[in-house]
K.L.:
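Provided herewith is a single structure, encoded as structure tokens, for subsequent inquiry.
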Amino acid sequence: MTQYHQFEAVIVGAGGAGLMAALHASKAANVAVISKLYPTRSHTGTAQGGIAAALANMEEDHWEWHMFDTIKGGDYLVDQDSAEILARDAIDSIIELEHMGLPFDRTPDGRIEQRRFGGHTAEYGQRPVMRACKSADRTGHMILQTLYQSCIKQKVTFFDEYFMVDLIVQDGICRGVVAVHMDSGELHVFHAKAVLLAAGGFGRMFKVTSNAHSLTGDPVAACYRRGLPLEDMEFFQFHPTGMYKLGILLSEAARGEGGVFLNDQGERFMERYAPTMKDLASRDVCSRCMYLEVKAGRGIGGKDYLYLDIRPESITRYQSAPGGKPVTAEELEKKLPDIIEMMRVYQGVDPIKEPVPIQPTAHYAMGGIPTDNDGWARADEKGGMVAGLYSAGECACVSVHGANRLGTNSLVDLVVFGRRGGKAMAEFCKTATFAPLPKAPEAEVAAELERIRINTGQEKAGKIRVEMQNSMMDNVSVFRTGPMVQTALDKVRELKERFQRVQIDDKGQRFNTDLLETFELGCLLDLAEVTAAAALDRTESRGAHSRDDYPKRDDANWLKHSFAFHTGAPGAALTSPAIDLKYRPVVITKFEPKERKY
Amino acid sequence: MKITLKIKRFNPETDRKPHWESYEVEVEPTDRVLDALHEVKWYQDGTLALRRSCAHGICGSDAMRINGRNALACKLLMKDVAKDGGTVTVEPLLGLPLLKDLIVDMEPFFAHYRSVMPFLVNDEPLPEDGRERRQSPEARERFDKGTWCILCAACTTSCPSFWATDQYVGPAAIVQAHRFIFDDRDRAAEARLKVLNEQMGVWRCRTAFNCTEACPREIPVTQLIGEVKKALATGKLE
């Protein structure tokens with residue numbers, strides 16, 4: 001039996017953005033947070049190196065510099081009004097986190113300690129700056145814990161292990177969500193005045209990824225299936241320092257503290273590509289350089305990986321630590337405890353003694369649900385909005401990251417736009433009424449779930465997932481060409497057709513993770529299709545989107561955001577390949593686009 | 001290498017009690033136990049239910065009993081739990097109600113967590129300059145270890161005192177209390193210590209050290225519990 005709930009505001013996802021939104025929305029509205037994971041399992045917790053804000057605790061810094069770095073890092077596809085809010089509000093937001101109890105590392109005079117990070121500079125690109133506030137290399141963990149603690153203090157209502165499967169939207173008005181209670185398998189309809197989607201990314205469409213297994217973009221796919229646009233889906237960031245084969249993230253903080261890239265000849269090759277920022281060039285740049293090194297036969301042993309070197313003697317020799325100072329093993333163990341342990345556990349390599357094998361790993365979706373600066377969801381590329389729908393965090397696209405996100409800016413995005421979104425939805429709830437629910441709002445998704453449950457076709461979800469991940473990794477990752485992307489698009493469409501014949505083993509109701517994982521695969525297939533289609537359309541190279549057949553940035557034709565719409569019947573995205581791509585101009589306020597060099 | 005995974009299974013819709021099932025899987029020695037469980041779930045038996053998310057030891061979803069000891073399935077490598085041709089046993093955590101296969105009800109665990117006020121309490125005026133509260137690096141260091149906790153429940157569900165009575169607040173909740181009791185920005189140490197001084201509080205700890213051995217974050221749990229006991233005994237926070 002379907003159960004019904006009514007809350008003024010429903011937040012989906014309990015990571016940094018969702019919890020920040022919940023804290024602010026629940027000051028003024030009746031809020032429920034639903035999440036398919038226990039909140040403390042959310043992927044915010046795995047963020048390592050830091051959260052940027054121009055606090056100037058270590059050296060001179062200004063939010064204008066942070067704003068500029070964000071825009072340049074995003075290869076000028078960033079909406080500059082949004083980047084200004086990000087950089088200004090970052091300062092307040094971090095102070096707010098400290099007041100909540102976040103255990104930041106401290107300077108000798110008791111202020112929040114900061115470190116360098118890729119692409120963050122002083123004086124508009126002159127030199128690296130110490131801007132990333134941090135708690136060793138567990139910054140995301142501390143943010144997630146602190147926000148959850150604050151939510152307990154404020155008695156926020158949680159529905160843990162409720163899996164959102166559909167968005168209730170009719171006549172341009174969002175009315176709630178449908179979720180599966182994972183324990184019982186029952187459907188629950190959450191009737192709301194306002195919904196905020198904060199469910200993270202969808203890196204699991206790629207073979208090598210830093211993303212959790214649960215990052216499958218279900219609410220993003222739900223929006224798409226309901227006819228809402230997805231923005232800038234062609235831009236997916238590959239982080240340069242993923243553990244070889246495993247994809248587990250090794251924070252950019254490793255290079256902030258002085259680590260360097262090495263090729264097979266032992267050369268610090270980033271000096272050639274980025275003479276000023278070197279190993280601290282932005283992530284898209286470093287990942288491309290790694291690819292070029294491998295292509296030129298300078299991968300380690302001629303293979304498809306390189307080294308990250310954080311040996312103290314190397315850092316001391318290269319004078320690559322802040323101020324060119326020497327470092328000791330003890331200092332590194334203190335500053336980077338988790339990633340050093342991970343390298344020891346998962347790769348059997350002691351990074352204090354040996355360089356570590358690395359390769360780019362699918363890390364972050366710059367694209368997602370388009371929103372304005374208050375997290376309010378856009379209905380189209382022209383300025384139309386969806387009443388009652390909000391989004392924040394990685395699943396949203398404001399856009400503050402443009403074509404490539406700077407390190408630490410995801411955590412800034414979470415707290416800044418989570419807070420703004422939460423406040424905006426609460427404000428909306430004050431005057432809005434509950435828009436009536438359509439008749440049996442759960443019926444369509446219930447039918448799809450039942451179809452998966454009882455299907456007797458001969459396909460296996462595990463096999464389709466691997467084929468999708470391989471094709472997306474081979475064809476739509478660091479470098480792309482038209483024919484490569486077309487290959488992936490054809491493959492994903494073939495897989496979507498085969499997905500209709502997937503048979504699962506678990507026919508039960510309770511904790512049917514077989515069913516839900518298969519549903520997640522369907523979401524990933526939809527999002528992979530949109531990613532490939534948008535990548536095929538954009539015939540230029542910008543940020544994380546590098547087209548070998550169109551190697552130059554083309555501002556005359558492409559200084560614009562893509563908006564991908566599914567044009568088939570509502571909910572039919574899984575069977576119909578009808579994608580309509582439209583475009584929206586970028587907001588330029590202070591910084592005219594110019595060539596990007598590090 | 002080829003190994004046998006012996007997994008304790010329980011389907012609440014059909015089974016009256018748990019039973020063992022065995023699966024043969026081909027794994028690399030450097031694979032995680034979680035990879036082997038996925039091998040079963042994705043290619044042999046999709047009905048196997050478990051929680052997992054980040055798969056590298058941070059989210060705390062996949063704590064379970066592996067070869068009789070609590071661990072995160074994503075942080076143990078196959079070469080460390082079995083030889084080629086060997087058997088690895090996998091069971092759900094003990095002491096929490098079993099829901100399905102390797103999934104237990106975490107609510108009693110989180111209820112204990114909430115009981116110790118796991119949040120910063122300080123109603124004093126904020127700094128007038130609108131900036132952070134100052135805290136010395138030494139004061140920050142004092143409660144560092146407790147902040148590593150990922151709430152995976154490996155410690156609490158390895159504790160003989162918790163097995164004896166699930167009313168015991170348990171090591172994880174005490175670690176969380178410690179994290180705030182020894183944070184010099186916090187003002188509610190007394191209230192937390194009062195909770196922990198009760199019958200189901202910190203004195204239930206019999207220093208078995210199971211919690212310290214089980215912690216995947218290498219928190220010296222027993223030591224932190226000892227510091228809370230000392231604070232209660234002496235009435236001083238050191």
Side-chain angles (χ1 to χ4, degrees), chain A residues 37-38 40-43 45-46 55 92 94-95 98-101 103-113 135 138 140-142 145-146 149-150 152-153 160 183 212-215 246 248-249 338 341-342 345-348 460-463 465 504-506 508-514 517, chain B residues 11-14 30 32 38 41-43 45-61 75 77 99-101 103 105-107 110 113-114 117-122 126 130-137 139-140 143-144 147-151 176 179-180 183 185-186 218:
Chain A
L37 303 173
Y38 273 93
T40 56
R41 315 302 183 213
S42 305
H43 205 55
T46 64
L55 298 181
D92 259 9
I94 274 144
I95 299 300
E98 196 282 328
H99 292 168
M100 283 181 201
F104 283 111
D105 291 346
R106 301 287 175 156
T107 62
D109 65 346
R111 292 197 177 277
I112 295 170
E113 190 172 69
S135 186
R138 318 182 169 108
H141 166 76
M142 300 304 180
Q145 295 287 327
T146 302
Q149 290 156 3
S150 299
I152 289 173
K153 189 176 183 183
D160 297 329
D183 186 1
H213 286 285
S214 50
L215 287 177
L246 289 167
I248 296 171
L249 183 68
D338 277 11
E341 191 208 11
M342 282 179 212
V345 170
Y346 295 110
Q347 288 184 308
K460 298 298 281 183
K463 190 160 183 310
R465 187 188 303 113
I504 62 172
D505 296 335
D506 194 339
Q509 297 293 329
R510 296 194 57 188
F511 265 111
N512 191 336
T513 53
D514 200 13
E517 279 189 21
Chain B
N11 179 348
E13 293 174 68
T14 55
T30 52
R32 296 158 277 203
H38 274 150
K41 180 166 180 63
W42 291 343
Y43 303 109
D45 185 352
T47 65
L48 176 66
L50 67 148
R51 293 190 179 103
R52 87 283 181 270
S53 188
C54 81
H56 64 280
I58 303 294
C59 79
S61 297
K75 219 177 165 179
L77 304 190
L99 296 177
K100 182 178 180 178
D101 293 339
I103 298 177
D105 183 2
M106 296 295 289
E107 182 45 33
F110 279 102
Y113 165 73
R114 289 190 297 266
M117 307 169 65
F119 40 77
L120 191 88
V121 177
N122 185 331
L126 293 167
R131 297 295 299 255
E132 64 267 50
R133 291 190 188 91
R134 300 292 185 102
Q135 182 170 49
S136 71
R140 165 67 183 80
F143 63 95
D144 190 51
T147 68
W148 306 349
C149 175
I150 56 175
L151 298 169
Q176 290 294 327
R179 178 252 171 274
F180 290 101
D183 185 336
R185 297 171 298 172
D186 185 80
E218 295 178 21

K.L.:
For Asp338(A), which atoms come within 4.5 Å of any heavy atom of chain B: side chain, backbone, both, or neither?
P.N.:
side chain

K.L.:
Please state whether the side chain, the backbone, both or neither of Glu113(A) comes within less than 4.5 Å of a heavy atom of chain B.
P.N.:
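Interface part for Glu113(A): neither.
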
K.L.:
Of the non-hydrogen atoms in Met342(A) and Leu249(A), which two are nearest, and what is the gap between them?
P.N.:
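The pair with the smallest heavy-atom distance is SD-O, 4.4 Å.
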
K.L.:
Does any heavy atom of chain B fall under 4.5 Å from the side chain of Thr146(A), the backbone, both, or neither of them?
P.N.:
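Answer is neither: Thr146(A) stays 4.5 Å or more from chain B.
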
K.L.:
Contact part of Glu13(B) toward chain A, heavy-atom cut-off under 4.5 Å: side chain, backbone, both or neither?
P.N.:
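The side chain, not the backbone.
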
K.L.:
Using every non-hydrogen atom in the two residues, find where Ala49(B) and Asp101(B) come nearest and quote the distance to one decimal.
P.N.:
N-OD2, 2.9 Å

K.L.:
Where does Met142(A) contact chain B at under 4.5 Å (heavy atoms): side chain, backbone, both or neither?
P.N.:
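Side chain only.
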
K.L.:
For Lys41(B), run the side-chain contact (heavy atoms from CB on, under 4.5 Å) check against Thr513(A), Asp506(A), Asp505(A) and tell me which one passes.
P.N.:
Thr513(A)

K.L.:
Is there a side-chain contact between Tyr113(B) and Met106(B) (heavy atoms, below 4.5 Å)?
P.N.:
no

K.L.:
Which residues pass the side chain to side chain contact (heavy atoms under 4.5 Å, CB included) test with Arg114(B), sequence neighbours left out?
P.N.:
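Expected list: Ile152(A), Glu107(B), Phe110(B), Ala111(B).
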
K.L.:
Name the region of Glu341(A), side chain, backbone, both or neither, that has any atom closer than 4.5 Å to a heavy atom of chain B.
P.N.:
side chain

K.L.:
With a 4.5 Å cut-off on side-chain heavy atoms, are Leu120(B) and Gln149(A) touching?
P.N.:
no

K.L.:
Looking at Ser214(A), Pro103(A), Ala212(A), which makes the most heavy-atom pairs under 4.5 Å with chain B?
P.N.:
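Highest number of pairs under 4.5 Å: Pro103(A).
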
K.L.:
Could you report the tightest heavy-atom contact between Ile150(B) and His141(A), atom names first, then the distance?
P.N.:
CG2-CE1, 3.7 Å

K.L.:
Heavy-atom distances under 4.5 Å only: say whether Arg111(A) touches chain B with side chain, backbone, both or neither.
P.N.:
both

K.L.:
As an exercise: rank Lys153(A), Gln509(A), Met100(A), Gln145(A) by heavy-atom pairs under 4.5 Å with chain B and give me the winner.
P.N.:
Lys153(A)

K.L.:
Answer yes or no: is there a side-chain heavy-atom contact under 4.5 Å between Ser53(B) and His43(A)?
P.N.:
no

K.L.:
Using heavy-atom distances under 4.5 Å, tell me whether Leu77(B) contacts chain A through its side chain, its backbone, both, or neither.
P.N.:
side chain

K.L.:
Quick one: what part of Ile248(A) sits under 4.5 Å from any heavy atom of chain B, side chain, backbone, both or neither?
P.N.:
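Only the side chain of Ile248(A) comes within 4.5 Å of chain B.
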
K.L.:
Given a strict heavy-atom distance threshold of 4.5 Å, which part of His99(A) is in contact with chain B: side chain, backbone, both, or neither?
P.N.:
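It is both, since atoms from each part get that close.
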
K.L.:
Tell me, side chain or backbone of Met117(B) under 4.5 Å from chain A's heavy atoms, or both, or neither?
P.N.:
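Contact with chain A involves no heavy atom of Met117(B) at all.
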
K.L.:
In terms of heavy-atom proximity below 4.5 Å to chain B, should Tyr38(A) be classed as side chain, backbone, both, or neither?
P.N.:
side chain

K.L.:
Are Glu218(B) and Trp148(B) linked by a side-chain donor-acceptor pair shorter than 3.5 Å?
P.N.:
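Short answer, no.
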
K.L.:
Taking the side chain as every heavy atom from C-beta outward, state whether Gln135(B) and Arg185(B) have any pair of such atoms under 4.5 Å apart.
P.N.:
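Contact flag for Gln135(B)/Arg185(B) side chains = yes.
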
K.L.:
Under 4.5 Å from any heavy atom of chain A, what part of Arg140(B) do you find: side chain, backbone, both or neither?
P.N.:
side chain

K.L.:
If we define contacts as heavy-atom pairs under 4.5 Å, which of Asp109(A), Val345(A), Ile95(A), Asp105(A) has the most with chain B?
P.N.:
Ile95(A)

